[in-house]
Amino acid sequence: MEGNTAINNPSTNPGDTPGALHKDPDVAIFGFWVFMMSDLIFFGVVFAIYITMIGATAGGPGPRELFDFGSLFAQTMLLLTSSLTVGIATVTMKHQRSQASFLFWVVLTLVLGLGFLVLELYDFSAMAAKGGVPQRSGYLSAFFGLVPLHGLHVTFGCLWMLVLIAQIWCVGMVDIIKLRFLRLALFWHFLDLIWIGIFSVVYFGGWIYG
Amino acid sequence: MDWKVGSPVGFLQLSHPALEWRFFHLPRLTLVFLFFLPFLLSPGQVSAAESFLVPLGPIAQEQKTHFLWVIALTMVAIFPVFILVPVILIKYRRKKGHGIYAPKWESYGPLELMMWGVPFMVILVLSSMLWRATSRLDPYQAVEGVLPPIQMQVVGLDWKWLFIYPDLGIATVGELVIPVHTPVSMTLTSDTVMQSFLISALAGQIYVMPGMTTKLNFIASKTGETEGENTQFTGRGFADQKFTVSVRSEEEFHTWSEQVRAVGIELDTATYHRLAERSTRRKAHSELATAQMPAKAIYFTLPNLQLFRDIVMRYHSGKPLSIEEQPGTEKFGRSRDAVKDAQP
Amino acid sequence: MSSADHFWLGKLNWDSIVFSSFLHNPSVSEAVASAAGSIVIFATLATLGLMTWYRVWGMLWSEWLTSTDHKKIGIMYIVFALVMLTRGLLEGMVMRAQQAAAPEGFLYADHFAQLFSTHGTIMVFFVAVPFLVGIINYVMPLQIGARDVAFPVLNQISLAVTVSSGLLMMISLVVGEFSTGGWSAYPPYTGADFSPGVGPDYWIWAIVFSGVGTTLTGINFTVTILKCRCPGMRPFRMPMFCWTALCSSILMIFALPPLSVAALMLGLDRYLDFHFFTNDLGGNMMNYANLFWLFGHPEVYLLVLPAYGVFSEVFSTFSAKRLYGYKSLVFATASIAVLSFTVWLHHFFTMGQSPTINIVFGIATMLIAVPTGVKVYDWMATMYRGRIRFTAPMIYAIGFLILFVVGGLTGVILANPTVDFQVHNTLFLVAHFHNVLIPGVLFGLLAGYNYWFPKAFGFRLNDKLGRLSAFLWIAGFMMTFLPLYGAGLLGMPRRSFSYMDLTFKPFMVVAFIGAMVILAALITIVVQLIVSVRNRNQNRVPVGDPWDGRSLEWSIPAPVPSYNFAQLPRVTERDAFTEAKEQGYAYQPPKVYRDIELPKNNSLGFILCVTSGVLMFALVWYMWWLALASALLILGAVIASSFRWESEQVISASEVQSDTERWLGLVKKSQAVDRDFENTPQNTGYAKLEH
């Protein structure tokens, strides 16, 4: 590693900017990877707590009474599709397609993400109607400590997308925006990965062992 | 290369014997002195009877022996530091130092091997000792004894310990009496926050937690008195949460249990509630004890032999336990002016 | 959440102010509390008043509060840490006085409990962490030949949230009370049932926010070291300090999340009636213990590794010799960092798990002694065949070497579950971790402070007073904490505000005298700073190399220009600057002067400091409207700052050239100083080579 080299990340396509990239984009991307690593530990620890709490229903409703796998399937599909669309948006950016097509894919991702959140909130309210509130038991506390944590991340991802769209509207597809979008895409894939974990551990695992 | 590795002990030879003495011994003597200073200062009242250093039973005895062995073995690795640091400092000090100067010396294979090897060997030996001692002194494992073990149940309350003798139908607070040479098998829980139960002269400590039970097994090999305590901070009365431990002969123990049964008050639900309130042992004593009981202890008889089980199971009812129902909180039981309880 | 709370003020009312309890109950204990509160208020007012009097606000704002310069951020971290150190140390004094005066005593039990809780929380999170983060911030980019850290604004934000949570700790002295549950805040004691007041809430938010700051710092440092090194600075050419900083930063990334999770779950239990750690409805306090120590043990190494790094630099520089066993030390550092994640259970051997588990964790714990022992031997070998100068940093280092092995010995003792069953939760444990944290961490940080001070400010600290302070620290430490080993072996539990057994009294009296010596050591540090500032003109080292240093930070002027290096260095060897001096290419002008881009000042950090402080305070006192408002402000500020497109400022090549040429002229005029005179006015920072 011989110091800061020129901008060499193929997917950023450096161009005219306000806000020049003073640094190797690799540094920013790598920094974001490290952040996700830390976030992964955060999630991992909450997962571990959930696993230890699977039996702690204290006479309250458990996974079998509460989970609605139809809705979960829909949520999973929405999130997986949004991962695909964010990937297409990245490719669009890489090949310097029109800004409109790029924005189309980003907005589609945003809509899918919001759809996921709506379904998730609907699920939570359905659970609450069956007595599945976090105040009821250690198990439900662990559930509501973990799943909404992911939901909160998705919410932030959506907010981030909104801000990026606003910024593109202000200054167009400049380097720094591309770099930010690359990180957002990473983040979005990461949330997808976490969701797969939630689906298999929280929902399936809970259903089997709960 | 302007340096050579001479004989391995060559650099130990010093040029100033007087200096050598001073540097060798001064820091260590100060250390030793400081460590023992408090012992010297205390005029005849060092009664270390509450410590595992003066054990009353084989478990604490073994813990003490293990403690001393660990120190001795670790010394193999750290004693050279105490010796060599002063030596190096004298010999290679810039002013008036007489050592060789080798500014680029940065690695020497055999030395590296020793640096890694010696501590590793020491830890290896210590690990095997640790392995054996830890499995042998597992507090959950029943202690071998000629006599059948005495079963005991211990409940941690704020800020006192309740000792239940289920087989005898009695219970005490503030005083634990056990027969000598009889294995003691304790099951412990807490009816408040987490606490840690320790009778240092007999066995190590174990945590007690509400809704859960832990176990502690030990045996006393001589009669005598010592003290037990809670070591996990639990609030303002914590420093007072001690109890007398009395190891007595079989007959004396029998007499004592008869006496408890004779003078003890009934530990019914109402009494237990008053006992479980946030109060020091002294306060509880003044409220509950009768004139026939000793100054520091409260004696009970047990109408409900399932008391211990009830205490543990209350946390598993599946219903929320309101703050008024939770012993150890300020709101449990009647309201009281507990603030000044534990002031000096 | 009782409905009795006021809409605007939440739980806050007149009785929350510390002075009100004193008026209700004028006792010594309350007087001590009120005095502490008054000190906070008067110190704040006095500082603000003086700054207004001397009209420094403008300068403070443009040069410091909005600065993104890693050097200034580092200095601010250290100033903050020293202020907090003073508080933590005074709390220690009061506790020692109470135990020495026991059984009579003068403090209420609850007051004593707040003291040990704040003392621990402050010393770990607001002294040790910011102090070492400050030193790494200042030194590490210079040592790897970088212009700044990888993310300068993030660096500023880390400082902001660390300081605001430290300020929250200070506010807890005046408004309301702090937690009584110790620095580890074990539930259920700290749960809503048993601690209904605001105390644990203060703890939770201070921990969560400072934890965010530390995690971001870890990310920042890791990326900086891995990605921003100057040409030729291969990993195995980095100074030892950078390796320890790297390992420590990685620990920050991995170890802080469990703590944040634990604290947030405790918060959910307290605020929203969740049941993670409650007694009823399936809560499990053992999960908390696991989470807390899953953080807590790596934390210990997170603190001590950078101190090891400082000692490595100090031993090598003041023995005028290469660091012995560099590769061994790197390997030992890395293995300590890895092993530190495998030992957390030794903090609760006594929880009733199977002996097999205890054996595994006990042996893992003892294994850490191996690389640690290697380090000690390596430092000894570094001094061996050197030319040792007994300067202040070196006195700290030698004191560390001797005392730290005592801490290592007691660590090995505690790693044995068999013995731990006896001495766990006693003063023996307290003595052990102070033995590791004071000689290990604090001595290292103070050595670093003395060592790098001239680099940061351009003049040397008074070495005589520095040495005096070091000796006082060593003596004070020994007198305070060695007796605690004895008292612990005799069975005195930690956190006892009083005791009936007079056996402990002499131990406590000696420890109290020791605490006074430590106080004297702290005062000496202050005096040293005042004396050195006053005599600064005789002690200037503008050339920049007062100690015949070996790494890159000594190759540039003192104080360091904002852009660090006129031209990024090219490194061919470990001990790059020594190599340059020996080969004669030190102090050469760059071939070409270029414009240098630096991050612009940014007010985001300051805004976040204020808003996050308000947010925490509002959360502690249940002022929901204020919490929501400040949270939205935080979000808004971050979004708004992402719309700043011009984040760079340019330093022109001509400015760099004139700076550098002026400095090189000074170098030519300077007399190379022999090491015998390094603490005399002759030392202008131009070192004569040792032969």
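As the structure is a prediction and not an experimental result, all values here were calculated from the model. Worth knowing before you read on, the calculation uses all heavy atoms, side chains too, and leaves out hydrogens, waters and symmetry mates. Below, chains carry the letters A, B, ... as their sequence lines are ordered, and counting in each starts from 1.
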Does the pair B:Phe233 and C:Phe116 meet the rule for a ring-ring contact (aromatic ring centres under 6.0 Å, His included), with working shown?
CA-CA 11 Å; B:Phe233 181 78; C:Phe116 68 66; 4.9 Å; yes
Among the options [options], pick out the one with the most heavy-atom pairs lying under 4.5 Å from chain B.
| options | result |
| --- | --- |
| C:Pro417, C:Gly283, C:Gly373 | C:Pro417 |
| C:Ile388, C:Asp378, C:Val376 | C:Ile388 |
| C:Met492, C:Met286, C:Lys327 | C:Met286 |
| C:Phe349, C:Phe348, C:Phe112, C:Phe421 | C:Phe421 |
| C:Leu409, C:Ile474, C:Thr180 | C:Leu409 |
| C:Tyr186, C:Tyr326, C:Trp379 | C:Tyr186 |

4.5 Å side-chain heavy-atom contact, [X] and [Y]:
| X | Y | answer |
| --- | --- | --- |
| C:Arg550 | C:Ser316 | yes |
| C:Phe404 | C:Thr372 | yes |
| C:Tyr108 | B:Arg236 | no |
| C:Phe106 | C:Gln98 | yes |

Residues C:Thr391, C:Glu678; criterion side-chain contact (heavy atoms from CB on, under 4.5 Å); working and verdict
CA-CA 10 Å; C:Thr391 54; C:Glu678 69 181 343; 3.5 Å; yes
For the CE atom on C:Met500, are there more than 12 heavy atoms of other groups (residues, nucleotides or ligands in this structure) within a distance under 6.0 Å?
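Counting other residues, nucleotides and ligands, CE of C:Met500 stays at 12 neighbours or fewer.
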How about CZ on C:Phe390, more than 12 heavy atoms from neighbouring residues, nucleotides or ligands closer than 6.0 Å, or not?
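More than 12 heavy atoms, drawn from other residues, nucleotides or ligands, come within 6.0 Å of this atom.
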Proximal component of [X], with respect to chain C [non-hydrogen, under 4.5 Å]:
| X | answer |
| --- | --- |
| B:Thr213 | neither |
| B:Tyr140 | side chain |
| B:Thr214 | side chain |
| B:Glu112 | both |
| B:Ser200 | both |
| B:Ile71 | both |
| B:Met212 | side chain |
| B:Phe238 | side chain |
| B:Leu198 | side chain |

Begin with the C-alpha distance, continue with both residues' side-chain angles, and end with the deciding distance and a verdict on side-chain hydrogen bond (donor to acceptor under 3.5 Å, both in side chains) for B:Asp158 and B:Thr192.
CA-CA 7 Å; B:Asp158 274 336; B:Thr192 170; 2.8 Å; yes
Distance-only side-chain donor-acceptor flag, [X] / [Y], under 3.5 Å:
| X | Y | value |
| --- | --- | --- |
| C:Tyr485 | C:Thr410 | yes |
| C:Asn416 | C:Thr418 | no |
| C:Gln422 | B:Gln63 | yes |

Apply the test salt bridge (charged side-chain N to carboxylate O under 4.0 Å, His left out) to residues B:Arg136 and B:Glu62: give CA-CA distance (whole Å), side-chain angles for both, the deciding distance (0.1 Å), then the verdict.
CA-CA 10 Å; B:Arg136 200 173 54 239; B:Glu62 273 199 64; 2.5 Å; yes
By side-chain hydrogen bond (donor to acceptor under 3.5 Å, both in side chains) - contacts of B:Glu229 (at least two apart):
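Expected list: B:Lys242.
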Is [X] in contact with chain B via its backbone, its side chain, both, or neither, using a 4.5 Å heavy-atom distance?
| X | answer |
| --- | --- |
| C:Val360 | neither |
| C:Ala511 | neither |
| C:Ala102 | neither |
| C:Leu401 | both |
| C:Asp273 | neither |

Most chain C-contacting option - heavy-atom pairs closer than 4.5 Å, from [options]:
| options | answer |
| --- | --- |
| B:Ser135, B:Ala77, B:Pro320 | B:Pro320 |
| B:Ala133, B:Ser190, B:Gly99, B:Ser322 | B:Ala133 |
| B:His316, B:Lys319, B:Met115 | B:Met115 |
| B:Asn230, B:Ile59, B:Val81 | B:Val81 |
| B:Met114, B:His66, B:Gln141 | B:His66 |
| B:Met129, B:Gln232, B:Met194 | B:Gln232 |

Looking at B:Tyr101, does the NZ or CZ of C:Arg387 lie under 6.0 angstrom from its six-membered ring centre and within 45 degrees of the ring axis?
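C:Arg387 over B:Tyr101 ring: yes.
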